[in-house]
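Here is the structure we will look at, set down as structure tokens.
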There are 2 protein chains.
Amino acid sequence: MNLKEPILTKAILLFAEKGFAGLSMRQLAKEIGISVATIYHHFPDKQSLYQEAVLFAFSDKEQIFTELWDRPSSAEQKLSDFIRITTEFLVQDRDFHRLIQREILDANPERMRLLAQTVFKKQFEFLLLLSAELAPGRDTHLTAISIVSLVKHQLEMLPLRRHLFGWKPEHEAPEVITEHVTGLLLMGPKG
Amino acid sequence: MNLKEPILTKAILLFAEKGFAGLSMRQLAKEIGISVATIYHHFPDKQSLYQEAVLFAFSDKEQIFTELWDRPSSAEQKLSDFIRITTEFLVQDRDFHRLIQREILDANPERMRLLAQTVFKKQFEFLLLLSAELAPGRDTHLTAISIVSLVKHQLEMLPLRRHLFGWKPEHEAPEVITEHVTGLLLMGPKG
DNA sequence: GTCTATATGGCGATAGAC
DNA sequence: GTCTATCGCCATATAGAC
């Protein structure tokens, strides 16, 4: 049987958890239950495996949102849906989220460009249109990033937040986060 | 001369850049211009060096905000000042920011607890008071986190944002980010 | 396409001289 | 307190049998 896809699948999981330098080829092979040489049959070196794994992880993720933008709903409703879908997705696919975090932290310009132009381009352009409609007086780029920030960073901060004052278990629920972020964005602080 | 502090200083820089697994003791020694054995004279092992470096990096950071909370200004002004100070600080001390990101990504529960209770405790409690005053109807914990998110994540996304539609060089300026985030929070999307 | 065996080098850590 | 020299191990990567 061809082991290329199983290798990529396990690699995504373990690279997300340990980072590039933190995962050895031996560990990866052991986890899959194959030999190191088999990995090297499918990938020329560790770096290539990593890059292919990242692309593989991102390959099917674009579709999740496509249906959303076509709905004949109001801008407010679309924002609310976008926040909910993104939150649920990031909560459900933690490995993917950790991989994004690591990639952005690494900040390799070429890989950033690739990511921006292949995976996020379309979603971000829809988000820009939405920002222009919802916050006409504001810089749309900064507003769109702010929307993403509120969703993504709420989740990224969880390990730390758990130890900060006022935290409650329900703050980890996707629907609670969604409601808070949506309300803050649509109605402002006083709403 | 005692090399403990120079070791810690360089370690902060390189751990922030490469991560724990990505930096070897040999590389670190070479960068400082000393031998590996000298590092091991001051620190029992790599893990201890890392943890001490992280604590050292955070040790003097708490003071930056203390003066702010004592000022006799309005809640709106305090929020604006907090956002500005935080943005400028994170832009200026990128190594520190990257170290925070790595620590949160690692998510070691014990280290998270330590970080929350030593470095962020006081600032976060002031931020909670501010959130309660500015957004009385909302969950103060979530609001406070949202404020942090808007500042911190705007900067973390920079490597990716540069390749997304609508980005302009001025979006990297602390004062532009500050103004956007402050406006969004205080006046909502329509403001 | 997968394996066992191995080459080569860098790794964390230590011994012992100065 | 700092060094040179070295141990034993694990890393990436390859050779060659099946």
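In what follows, every chain begins at residue 1, and chains take the letters A, B, ... in the order their sequences are listed.
- Among residue pairs with one or both ends in residues 72-115 of chain B, those qualifying as ring pair (Phe, Tyr, Trp, His ring centres under 6.0 Å) are B:Phe58-B:Phe96, B:Phe65-B:Phe82, B:Trp69-B:Phe82, B:Phe89-B:Phe96; sequence neighbours excluded.
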Under 3.5 Å, side-chain donor or acceptor atoms of residues 14-24 of chain B against the rest of the protein: list the pairs with distances, not counting sequence neighbours.
unit_1: B:Ser24; atom_1: OG; unit_2: B:Gln27; atom_2: N; d: 3.1
unit_1: B:Ser24; atom_1: OG; unit_2: B:Gln27; atom_2: OE1; d: 3.3

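- Taking the six-membered ring for Trp and the full ring otherwise, the centers of B:His141 and B:Phe124 sit less than 6.0 Å from each other.
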Considering only distance and modelled atom types, tabulate donor-acceptor pairs under 3.5 Å from the side chains of residues 183-191 of chain B, sequence neighbours left out.
none

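- Atom P of nucleotide D:dA13 and atom CZ of A:Phe43 are separated by 13 Å, given to the nearest angstrom.
- Atoms CE (A:Met25) and P (C:dC3) sit 14 Å apart, rounded to a whole Å.
- Residues A:Arg161 and A:Gln154 have side chains in contact (heavy-atom distance under 4.5 Å, counting atoms from C-beta outward).
- Between the CG atom of B:Leu49 and the P atom of C:dA13 there is a distance of 10 Å, given to the nearest Å.
- A donor atom on one side chain and an acceptor atom on the other are found under 3.5 Å apart for A:Thr38 and A:Ser35.
- Legend: residues meeting ring-ring contact (aromatic ring centres under 6.0 Å, His included) with B:His153, ordered by chain and number and at least two apart, are A:His153.
- Residue B:Ser24 places at least one side-chain N or O closer than 4.0 Å to OP1 or OP2 of C:dC11.
- Each of B:Asn2 and B:Arg26 lies near DNA chain D, and the nucleotide nearest B:Asn2 is the one positioned closer to the 5' end.
- With hydrogens and angles ignored, the 3.5 Å screen pairs no side-chain donor or acceptor of B:His163 with any backbone N or O of B:Leu160.
- The stretch residues 3-18 of chain A has no heavy atom under 4.0 angstrom from DNA chain D at all.
- For residues 27-42 of chain B, proximity to DNA chain D is found at B:Ile34, B:Ser35, B:Ala37, B:Thr38, B:His41, B:His42, defined as any non-hydrogen atom under 4.0 angstrom from a strand atom.
- Put simply, CG on B:Asp45 is 5 Å from P on C:dA13, counting in whole angstrom units.
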